[in-house]
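The structure appears below as structure tokens.
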Amino acid sequence: MSKNKMIIMLIGIITLLLAACGNQNGSRNIASLTLNEGDNPTASQQDSYKNLFQRSVFLGDSITEGLSYHDVLNEENVLAGAGKTAQFALEDVEELVKRKPEHIFIQLGSDDILWPTDNPKEYSLSYYAQLIDEIAGKLPDAAITLLSVTPVTAEAESSEPRYLNIGEYNEGVKELAAEKQVGFVDLSPIVADHTELYDTDGIHFQAEYYPILLDFLKDKLVHGINTK
């Protein structure tokens, strides 16, 4: 790697970590998991989610990390961290393999679109494709589902105009999912229905968002959405 490329990568890592840290603030009856708008999950419901997703792993950045941070899922079911990009997620493949999940949900891109390169989308999706290939090669029986980057508030877009590229990036992720024959879920509907659950930065989410996310995904988990 050239000295210039190394400098650019180091700047990118520092920028993403600073941004992420600054913003970070047997199965049971599935029907019983449904939450009504405004409801907070009970301890019983949280246990049900942990049970339902016990053979799943969520791979992603600080937004995904909220699943374990808020104790909605156990730590062994979440492999995520602040500043995580598709490129850096390649380093997590071996750990993912050790956990032997049956279902893998991947949500990356929120940090990728901030990467300091000429074409962040192209740059990110090339690594995203590598990530899918590596996971599929080492866990051929696991179902892989890509989750869209969640939208941010208008205030967050105003502060960071690169977030305006989320829609275009998600189209790329959707096309990649079709190409690799893995699942894709657009999360924008649940965010649109629960804008009150944004955290103060307008990017991350409060604890109450995550049971709603899992409720949205549970049917996909049970019925399967992969095209393999």
Side-chain angles (χ1 to χ4, degrees), residues 1-2 4-24 57-69 78-97 99 101 104-139 144-152 156-157 159-177 179-180 182-188 199 201-205 213:
M1 180 180 293
S2 68
N4 288 339
K5 287 185 177 179
M6 179 65 74
I7 292 173
I8 291 173
M9 179 168 288
L10 288 173
I11 291 173
I13 293 171
I14 293 170
T15 300
L16 291 175
L17 288 176
L18 287 175
C21 291
N23 291 331
Q24 182 66 23
V57 170
F58 285 76
L59 176 65
D61 53 33
S62 57
I63 295 176
T64 307
E65 189 178 26
L67 283 163
S68 54
Y69 179 81
V78 182
L79 188 55
K84 188 77 67 177
T85 65
Q87 180 181 2
F88 297 148
L90 286 165
E91 301 172 1
D92 294 328
V93 173
E94 291 305 320
E95 175 59 30
L96 182 65
V97 172
R99 300 188 188 188
I104 303 161
F105 295 91
I106 308 176
Q107 185 179 25
L108 294 164
S110 184
D111 292 311
D112 295 73
I113 60 176
L114 305 180
W115 192 253
T117 188
D118 291 338
N119 192 329
K121 174 185 172 183
E122 180 180 340
Y123 186 85
S124 169
L125 293 180
S126 67
Y127 283 105
Y128 216 145
Q130 291 181 43
L131 178 65
I132 295 169
D133 288 342
E134 283 207 27
I135 293 173
K138 295 183 178 182
L139 293 168
I144 300 173
T145 301
L146 310 186
L147 306 180
S148 68
V149 177
T150 45
V152 302
E157 288 179 343
S159 298
E160 175 48 81
R162 285 176 292 183
Y163 285 129
L164 291 167
N165 298 322
I166 287 176
E168 180 184 354
Y169 183 85
N170 283 337
E171 283 300 314
V173 175
K174 184 177 181 180
E175 292 171 3
L176 179 63
E179 175 189 338
K180 297 297 183 181
V182 299
F184 173 80
V185 175
D186 179 11
L187 300 181
S188 59
D199 211 339
D201 63 3
I203 301 166
H204 294 85
F205 297 94
L213 168 65

Looking at every heavy atom in both [X] and [Y], which two are closest together, and how far apart are they?
X	Y	result
G183	A177	O-CB, 3.8 Å
D112	K84	OD1-O, 4.2 Å
F184	S148	CZ-CB, 4.0 Å
A136	I144	N-CD1, 4.1 Å
I203	A156	CG1-CB, 4.0 Å
G60	L108	CA-CD2, 3.7 Å

Inset, instruction - Show the numbers, then the answer: is there a side-chain contact (heavy atoms from CB on, under 4.5 Å) between L146 and Y128? - result: CA-CA 10 Å; L146 310 186; Y128 216 145; 3.8 Å; yes
Quick one, [X] and [Y] - any side-chain contact, counting heavy atoms below 4.5 Å?
X	Y	answer
V149	V173	no
V182	I106	no
Y169	L125	yes
V78	Y69	no
D133	K180	yes
E157	I166	no

Inset, instruction - Name the orientation class of the two ring planes belonging to F88 and W115 (parallel below 30°, tilted from 30 to 60°, perpendicular beyond 60°). - result: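 Ring orientation of F88 relative to W115: perpendicular.
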Please round to the nearest 0.5 Å and tell me the distance separating atom [atom1] of [X] and atom [atom2] of [Y].
X	Y	atom1	atom2	answer
L147	L59	CG	CG	10.0 Å
S110	D61	OG	CG	5.0 Å
T150	D186	OG1	CG	10.5 Å
L96	L79	CG	CG	6.0 Å
E171	K121	CD	NZ	7.5 Å
D111	S62	CG	OG	5.5 Å

Inset, instruction - Take F205 and L213 through the test side-chain contact (heavy atoms from CB on, under 4.5 Å) and record every step on the way to the result. - result: CA-CA 11 Å; F205 297 94; L213 168 65; over 6 Å; no
Using the test side chain to side chain donor-acceptor pair (under 3.5 Å), find all partners of [X] that sit at least two apart in sequence or belong to another chain.
X	answer
E168	none
N170	none
S159	none
K138	E94

Legend entry - Under the salt bridge (charged side-chain N to carboxylate O under 4.0 Å, His left out) test, residues paired with E95 that sit two or more places apart: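 By the salt bridge (charged side-chain N to carboxylate O under 4.0 Å, His left out) rule, E95 matches R99.
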Inset, instruction - Could I get the full list of salt bridge (charged side-chain N to carboxylate O under 4.0 Å, His left out) partners for E160, not counting sequence neighbours? - result: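 So E160 forms a salt bridge (charged side-chain N to carboxylate O under 4.0 Å, His left out) with R162.
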Inset, instruction - Would you please say whether a donor-acceptor pair under 3.5 Å links the side chains of Y127 and T85? - result: no
Inset, instruction - Determine, stepwise, if the pair D118 / Y123 fulfils side-chain contact (heavy atoms from CB on, under 4.5 Å). - result: CA-CA 9 Å; D118 291 338; Y123 186 85; over 6 Å; no
